[in-house]
2 protein chains.
Amino acid sequence: MREPVFWILTALTQGRQHGYAIIQDASRLSGGAVVLPVTTLYASLERLEKEGLVRADGDEVVSGRVRRYFALTPAGESRLVLEADRLEAKVFTVRSQLSLRPALILGGIA
Amino acid sequence: MREPVFWILTALTQGRQHGYAIIQDASRLSGGAVVLPVTTLYASLERLEKEGLVRADGDEVVSGRVRRYFALTPAGESRLVLEADRLEAKVFTVRSQLSLRPALILGGIA
DNA sequence: GCCCATATGCCCATTGTGGGAATATGTTCG
DNA sequence: CGAACATATTCCCACAATGGGCATATGGGC
């Protein structure tokens, strides 16, 4: 799973949300590190809908502007849980590798 | 950072390695989950070399076959450490979001 | 002799990402 | 009032990264 999709699904864990708000959530949740481009967002949402991880959840008009709402499907939720597990495993693996890397033999017995 | 690059850099933490062995390391380190396609590997290595995260570390001939060795640069190592931190932060964030998601109110007081 | 593992290289298609710009309404500020 | 900016979505198009297919070449096992 790529970054944009990860943040979209993560933003949707708190309930239905519309596109523009997802961009703001992604930025907030990542501490400002992630900037989700609009084009990427809508392209991803369309793809995720086709894959059944996200579903359209009604259009609403707020002060003249249309909002398209999206929601996580059960499949989307379990996919995100799976991703969390995978990320955790990756962290464990790199950390292990980094801690036992040859370069670390700097103090030694001396 | 994408999956293939992550596993390439992780494989190289234990010292210089040649292409084919990196593929096997990636598979082993990921518990068989990651299959690094040959084309992706060499394309990535070339890119990583250009970016200064990896450097060519000599060609050797073993039983008639040429092996191209590659090694992590200090930049590559710190990039991987940074990536580990980012992954850890992502795990923390999703887990938090998942634990406080509306759907979890199922047991309640009852 | 044939297949498989090792080891790399070239060609090319697809996927996901993302820049640019258009559209349209509401708000803020000089 | 006009300009700039935030909200909210859409279309067009370029590009980086991924990866499939195939070619090449050697050595080992059946």
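Order of the sequence lines fixes the chain letters, A, B, ..., with proteins taken first and strands second; residue numbering starts at 1 for each chain. Because the structure is a prediction, the values reported are computed rather than measured.
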For Thr73(A) and Arg55(A), indicate whether the former's side chain and the latter's backbone hold a donor-acceptor pair under 3.5 Å.
no
State whether the side chain of Thr40(B) and the backbone N or O of Leu36(B) hold a donor-acceptor pair below 3.5 Å, judged by distance alone.
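A pair under 3.5 Å: no.
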How many Å lie between [atom1] on [X] and [atom2] on [N], as a whole number?
{"X": "Leu41(B)", "N": "dA7(C)", "atom1": "CG", "atom2": "C1'", "answer": "11 Å"}
{"X": "Asp59(A)", "N": "dT9(D)", "atom1": "CG", "atom2": "C1'", "answer": "10 Å"}
{"X": "Glu3(B)", "N": "dG16(C)", "atom1": "CD", "atom2": "P", "answer": "14 Å"}
{"X": "Arg2(A)", "N": "dT18(D)", "atom1": "CZ", "atom2": "C1'", "answer": "7 Å"}
{"X": "Glu60(B)", "N": "dT6(C)", "atom1": "CD", "atom2": "P", "answer": "18 Å"}
{"X": "Met1(A)", "N": "dA17(D)", "atom1": "CE", "atom2": "P", "answer": "21 Å"}
{"X": "Asp25(B)", "N": "dA7(C)", "atom1": "CG", "atom2": "P", "answer": "12 Å"}
{"X": "Arg67(B)", "N": "dT6(C)", "atom1": "CZ", "atom2": "P", "answer": "10 Å"}

For DNA chain D, find the residues of residues 45-58 of chain B with a heavy-atom distance under 4.0 Å and give them by number; none if there aren't any.
Arg47(B)
With a 4.0 Å cutoff (strictly under), does any side-chain N or O of [X] reach OP1 or OP2 of [N]?
{"X": "Thr40(A)", "N": "dG18(C)", "value": "yes"}
{"X": "Arg68(B)", "N": "dG9(C)", "value": "yes"}
{"X": "Gln24(A)", "N": "dT7(D)", "value": "yes"}
{"X": "Tyr42(A)", "N": "dT10(D)", "value": "no"}

Please encode protein proximity along nucleotides 21-30 of chain D as a string of B, S and -, counting only heavy-atom distances under 4.0 Å.
B----BS---
When you check the gap from the basic side-chain N to the acidic O, do [X] and [Y] get nearer than 4.0 Å?
{"X": "Glu83(A)", "Y": "Arg79(A)", "answer": "yes"}
{"X": "Asp85(A)", "Y": "Arg95(B)", "answer": "yes"}
{"X": "Arg16(A)", "Y": "Glu60(A)", "answer": "yes"}

Do [X] and [Y] share a hydrophobic cluster (ILVMFWY, side-chain heavy atoms under 4.5 Å, transitive)?
{"X": "Leu29(B)", "Y": "Val34(B)", "result": "yes"}
{"X": "Phe92(A)", "Y": "Phe6(B)", "result": "no"}
{"X": "Leu9(A)", "Y": "Leu98(B)", "result": "yes"}

Side chain of Tyr20(B), heavy atoms from C-beta onward: which of dG18(C), dA8(D), dT6(C) has the nearest atom to it?
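Taking heavy atoms from C-beta onward, the closest nucleotide is dT6(C).
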Rounded to the nearest 0.5 Å, how far apart are CD1 of Ile23(B) and CD of Gln17(B)?
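Rounded to the nearest 0.5 Å, the CD1-CD separation comes to 11.0 Å.
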Could you check Phe70(B) against Leu36(A) and say which one's nearest nucleotide on DNA chain C is further toward the 5' end?
Phe70(B)
